[in-house]
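Input: a single structure, listed below in structure tokens.
Throughout, protein chains are lettered first and strands after them, A, B, ... in sequence-line order, and every chain is numbered starting at 1. Nothing here was measured: the structure is a model prediction, and the numbers come from that model.
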Amino acid sequence: MAKNLVIVESPAKAKTIEGFLGKDFVVRSSFGHVMDLNKTKLSVDIENDFKPEYEISPDKKKVVTELKKMAKEAETVWLATDEDREGEAISWHLFNALGLTEDSTKRIVFHEITKNAITNAIDNPRGIDTNLVSAQQARRVLDRLVGYELSPLLWKKVKPALSAGRVQSVAVRLIVEREEEIKAFESVSYFRVVAEFQLTERENQQTFQAEYPVRFSTFEEAKVFLENHTGAEFKVASVEKKPAKKSPAPPFTTSTLQQEASRKLGFPVGKTMRVAQQLYESGKITYMRTDSVNLSNTALGMAKQEISKLFGKEYIRIRKFTTKTKGAQEAHEAIRPTYLSNQSVDRSDDEQRLYSLIWKRTIASQMSEAQLEKTTVKIDSSFAKEQFVANGEVVKFDGFLKVYIEGTDEENGNGKSGMLPAMESGDPLSLNVMNARQRFTKHPPRYTEASLVKKMEELGIGRPSTYAPTISTIQKREYIVKERRPSQKRNVQMITLQDGNVQEKMLTENGATEKAKLYPTDIGTVVNRFLVEYFKNILDYNFTANVEKEFDDIAEGKKQWNQMIKEFYGPFHDKIETTQETSGKFTGERLLGQDPETGKNVYSKVGRFGPIAQIGDTDSEEKPRFAGLRNGLSLETITLKEALGLFDFPRSLGEYENEEVTVAIGRFGPYVKHNKKFYSIGKEDDPSVINLERAIEIISEKRSADQKKIIKEFKEDEDVQVLNGRYGAYLVIKKQNYKIPKEHDPSELTLEDCYKISRDPKNMPKKRYNRKRK
DNA sequence: CAGTGAGCGAGCTTCCGCTTGACTT
């Protein structure tokens with residue numbers, strides 16, 4: 001039996017490290033946290049100094065049993081979890097869960113997975129840092145208290161099953177407020193004048209563009225300006241050259257990797273992390289959840305060698321980057337290829353593309369600056385007060401630009417500045433064409449998943465391991481939706497001066513095809529309004545940054561963790577109680593007007609099942625009528641007419657095959673009903689205008705689709721069917737589903753086989769924990 | 001992925017952070 005058991009957090013890491021250590025060492029992983037608060041209750045003893053009630057996480061029981069057994073047999077247990085707050089806590093939890101003793105346990109840390117770093121760590125063990133553990137407890141308990149007291153308040157005041165938390169609620173707030181800014185934004189149009197010139201006395205006919213520095217606010221002004229320039233003369237007033245430098249971006253962290261993969265590969269953040277995980281597990285890249293931009297010396301050495309080999313010595317410039325991120329814990333290296341000599345990997349297409357991005361970014365970060373020459377040419381016009389300006393940029397030495405240019409979030413980079421022809425002050429210029437094109441000021445952009453992560457990181461909210469999950473949580477809760485909404489076309493005026501003539505024309509501008517953007521839902525907006533009104537301090541963008549300072553104090557032993565929690569919890573809990581008692585339902589209710597038929601009030605609000613329209617008052621004797629909001633209607637913008645339209649269902653369309661066809665709106669959207677069967681209506685049809693003809697089409701389409709999924713039917717017993725579902729073939733008998741064991745070929749099944757399968761309890765569907773009640 | 005198809009109720013829901021597979025009707 002091995003004398004030494006080393007425990008790390010990740011199994012891939014365990015495998016690598018085991019290779020560095022001798023036979024006397026066995027390396028295993030804890031798979032992250034092993035203990036946590038029970039999730040069915042608060043699990044914080046408020047009366048008893050906020051003592052957290054930990055348990056071994058249900059899904060970690062097996063791992064813990066295994067580790068415990070191995071620990072017992074080992075002479076020394078080395079706790080080698082990450083050197084940050086959470087890692088220290090994991091070590092502490094392992095110490096307790098495995099029943100370790102101080103004599104036989106050592107705590108070691110390393111920041112890079114190299115043989116040197118590991119052996120060095122083994123030579124310098126320490127004890128568990130209890131202050132750091134306390135800081136983690138404070139973090140954990142604070143999050144639990146906030147989450148488990150705010151969420152139930154939302155269930156009572158807004159809608160069941162909602163959630164709130166230190167991180168997710170602020171993320172939602174960012175999106176809601178951005179949307180409000182956009183709504184409040186008034187786009188202003190202006191005219192930008194761009195002229196295209198060439199040197200008059202030059203054989204080389206290279207043209208270049210120059211912009212007039214004044215923007216005109218009206219069409220008339222712009223037109224007058226152009227008209228004045230018929231027959232104008234132009235000459236170069238000045239030429240100014242300035243050297244400039246560009247430096248490469250630092251190596252990837254989780255957040256910057258997500259941003260670049262989104263910009264350059266179009267990956268949503270979840271996909272980036274999945275693909276990176278595969279690369280990590282196959283040993284191609286270092287750990288992908290990190291906030292550090294640091295590269296190990298081994299990596300720098302490899303970079304130097306690789307750059308020299310590929311581009312030459314003059315391209316090498318080794319840099320040590322330092323992080324500027326709030327609250328960064330830097331337990332790992334930056335994300336980089338394990339071996340920089342591999343420019344590509346023989347993996348799936350997605351993995352290859354992401355790997356290549358990581359390789360380029362890493363290499364570029366250790367390459368020389370690019371040397372540029374920026375040229376500014378000013379041009380005199382015989383008619384204009386100001387000078388036209390042309391900007392040019394020439395790359396004198398490409399440096400890191402040879403491999404990598406960081407992407408930007410700007411929607412259309414209009415600063416294109418290429419090469420300018422050589423010229424001198426006094427050179428006469430001829431005008432080819434001058435355009436005054438209408439432009440519109442742009443509202444701030446909606447967040448994409450990746451730009452939201454960037455913002456969260458700036459605010460210090462969330463951690464590398466939670467960015468992607470948080471974004472998926474707030475979508476699951478239906479606080480926000482990710483959508484690619486088509487940008488609207490718009491008419492743009494353009495005035496052109498060419499060959500001494502001024503002409504006007506109208507262009508249609510198609511907005512650029514947009515990436516999927518994040519939009520708040522009605523629920524998200526209402527929940528945010530509630531939280532900002534009653535819990536402003538927690539929704540404050542600086543809340544996390546402020547508590548992080550206190551966690552740091554705890555980690556340094558300058559503050560007691562339960563004291564900190566006590567100071568927070570007192571006022572917080574009071575606020576929960578008073579809000580509970582004094583405030584009514586918070587539904588974002590709006591009175592839209594009166595129903596012309598009954599004279600009753602019509603409202604829009606968030607109901608039990610989501611946004612609804614309501615006719616009649618809730619406290620009146622007669623029950624109000626309800627209808628869910630549909631297709632793009634929103635609480636804030638719905639009109640009385642639209643709301644009343646929702647009550648026009650179910651509507652009869654006529655008869656088909658001697659049965660009535662009706663259209664209605666149900667729980668899962670609009671549907672057509674015919675002969676007790678339901679047929680969903682897709683987005684392309686509007687249920688309020690659909691006619692019988694179209695309904696019949698929908699019915700037939702569905703029937704033929706159903707035909708395709710039937711693998712087998714039996715004349716003898718029509719209740720028995722073999723169907724093709726999303727997980728492959730399955731068996732249905734009287735609406736009960738059964739698994740088909742692997743040894744059967746679904747298309748060969750006989751009726752007897754089917755009965756046999758249905759009698760075997762092994763093939764019964766597993767009970768889902770959260771089954772819908774009838 | 002396919003399928004689901006009610007009507008303001010009983011009992012359920014929920015946090016953040018660390019890690020990977022399990023395995024579906």
Side-chain angles (χ1 to χ4, degrees), chain A residues 8-13 29-37 39-44 57 59-60 63 81-82 84-87 89-90 93 136 139-155 159-169 274 277 280-281 287 289 329 331 461-467 469-470 473 477 544 607-609 612 614 618 623-628 650 664-673 676-680 702 705-706 709 723-732 736-740 763-766 768-770 772-774:
Chain A
V8 296
E9 293 180 35
S10 141
K13 198 167 163 180
S29 97
S30 75
F31 295 84
H33 273 293
V34 293
M35 296 187 91
D36 194 12
L37 306 174
K39 74 185 200 35
T40 62
K41 50 184 208 281
L42 188 65
S43 309
V44 175
S57 310
D59 58 328
K60 296 295 166 55
V63 183
T81 54
D82 299 345
D84 58 17
R85 214 159 55 203
E86 300 297 328
I90 293 174
H93 289 151
Q136 193 274 345
R139 200 281 302 154
R140 183 69 192 90
V141 167
L142 179 87
D143 283 338
R144 174 51 70 93
L145 291 173
V146 169
Y148 273 41
E149 294 213 352
L150 272 186
S151 302
L153 188 64
L154 288 178
W155 306 343
K159 182 176 160 332
L162 295 175
S163 67
R166 174 176 60 82
V167 171
Q168 59 167 282
S169 296
R274 270 197 310 279
Q277 177 89 29
Y280 168 65
E281 283 174 12
Y287 196 58
R289 289 185 278 264
Q329 311 215 358
I461 297 165
R463 303 276 311 127
S465 67
T466 61
Y467 294 137
T470 301
T473 299
R477 299 267 174 279
T544 291
R608 187 83 183 63
F609 298 109
I612 51 170
Q614 173 181 336
T618 316
K623 270 192 178 177
R625 295 172 65 205
F626 301 97
I665 295 181
R667 191 135 75 109
F668 310 105
Y671 63 91
V672 167
K673 193 177 172 186
K676 289 177 201 148
K677 286 206 172 84
F678 295 88
Y679 304 88
S680 281
K702 170 81 161 47
D706 281 350
K709 54 171 269 201
L723 300 180
N724 209 352
R726 60 174 156 161
Y727 306 116
Y730 67 102
L731 174 65
V732 186
Q736 178 69 261
N737 297 327
Y738 301 91
K739 252 193 307 208
I740 299 174
N763 300 323
M764 286 294 284
K766 292 234 165 70
R768 292 253 302 267
Y769 171 64
N770 199 356
K772 276 226 171 68
R773 289 159 303 103
K774 277 273 159 188

Can you tell me which residue among R139(A), Q329(A), R140(A), R463(A) is in a side chain to side chain donor-acceptor pair (under 3.5 Å) with E86(A)? R139(A)
Rounded to the nearest 0.5 Å, what separates atom CG in L42(A) from atom CG in L145(A)? 5.5 Å
Strictly below 4.0 Å: does R625(A) bring a side-chain N or O up to OP1 or OP2 of dC8(B)? no
Ignoring backbone atoms, test whether S465(A) places a side-chain nitrogen or oxygen under 4.0 Å from the OP1 or OP2 oxygen of dG17(B). no
dC18(B) OP1/OP2 closer than 4.0 Å to side-chain N/O of T81(A): no
Could you tell me which residues satisfy side-chain hydrogen bond (donor to acceptor under 3.5 Å, both in side chains) with R477(A), sequence neighbours excluded, listed by chain and number? S163(A)
Residue whose nearest DNA chain B nucleotide is more 5′ - V167(A) or A12(A): V167(A)
Base, sugar-phosphate alone, or nothing: which one does K39(A) contact when heavy atoms must sit under 4.0 Å apart? base
Counting only N and O atoms by type, is there a donor-acceptor contact under 3.5 Å from the side chain of K60(A) to the main-chain atoms of H33(A)? yes
Listing for DNA chain B: consecutive Watson-Crick or G-U pair runs of at least 3, distance cutoff 3.5 Å, ranges ordered by first number, gives none
Hey, does G165(A) reach any base, or is it just sugar-phosphate, or nothing, if we go heavy atoms under 4.0 Å? sugar-phosphate
With respect to the phosphate group of dC16(B), does any side-chain polar atom (N or O) of R85(A) fall under 4.0 Å of OP1 or OP2? no
Only counting residues at least two apart or in another chain, list the ones meeting ring pair (Phe, Tyr, Trp, His ring centres under 6.0 Å) with Y287(A). Y280(A), H332(A)
May I ask you to say what G462(A) touches in the nucleic acid, namely base, sugar-phosphate or nothing, with a heavy-atom cut-off under 4.0 Å? sugar-phosphate
Salt-bridge present (R289(A), D82(A); N to O < 4.0 Å): no
Kindly say whether, by distance alone, the side chain of R139(A) makes a donor-acceptor pair under 3.5 Å with the base of dC16(B)? yes
Is R140(A) near enough to dC15(B) that one of its side-chain N or O atoms lies under 4.0 angstrom from OP1 or OP2? no
Using the P atoms only, state how far dC16(B) lies from dC12(B), rounded to an integer number of Å. 23 Å
Distance check, P atoms only: dA2(B) and dC23(B), in whole angstrom units. 24 Å
Would one find a side-chain N or O of R289(A) under 4.0 angstrom from OP1 or OP2 of dT19(B)? yes
Does S10(A) reach a base, just sugar-phosphate, or nothing at all? Heavy atoms under 4.0 Å. sugar-phosphate
Inter-residue atom distance Y148(A).OH - T40(A).OG1, 0.5 Å rounding: 7.5 Å
For F678(A) and dT4(B), is the gap between ring centres under 5.5 Å while the planes differ by less than 30°? no
Output yes when a side-chain donor or acceptor of S151(A) lies under 3.5 Å from a complementary backbone atom of A164(A), and no otherwise. yes
Under 4.0 Å between a side-chain N or O of S163(A) and OP1 or OP2 of dC15(B)? yes
Taking the same atom, C1', in dT25(B) and in dT4(B), what whole-Å distance lies between them? 12 Å
Here the distance between atom P of dT14(B) and atom CG of L142(A), to the nearest Å, is 20 Å
For dG17(B), does either OP1 or OP2 sit under 4.0 Å from a side-chain N or O belonging to Q136(A)? no
With rounding to the nearest 0.5 angstrom, report the CD to OG distance, E281(A) to S10(A). 7.5 Å
Rounded P spacing from dG17(B) to dG21(B) in Å: 23 Å
Quick one: label A627(A) by what it contacts on the DNA or RNA (base, sugar-phosphate, nothing), any heavy atom closer than 4.0 Å. nothing
Under the criteria of a ring-centre distance below 5.5 Å and an interplanar angle below 30°, is W155(A) stacked with the base of dT13(B)? yes
Side-chain N or O of Y679(A) less than 4.0 angstrom from OP1 or OP2 on dG5(B)? no
Please measure how far the C1' atom in dA6(B) lies from the corresponding atom in dA10(B), and state the result in whole Å. 15 Å
Give P624(A) one of three labels, base, sugar-phosphate or nothing, depending on what nucleic acid heavy atoms sit under 4.0 Å from its own. nothing
First encountered from the 5' end of DNA chain B, between K159(A) and F626(A): F626(A)
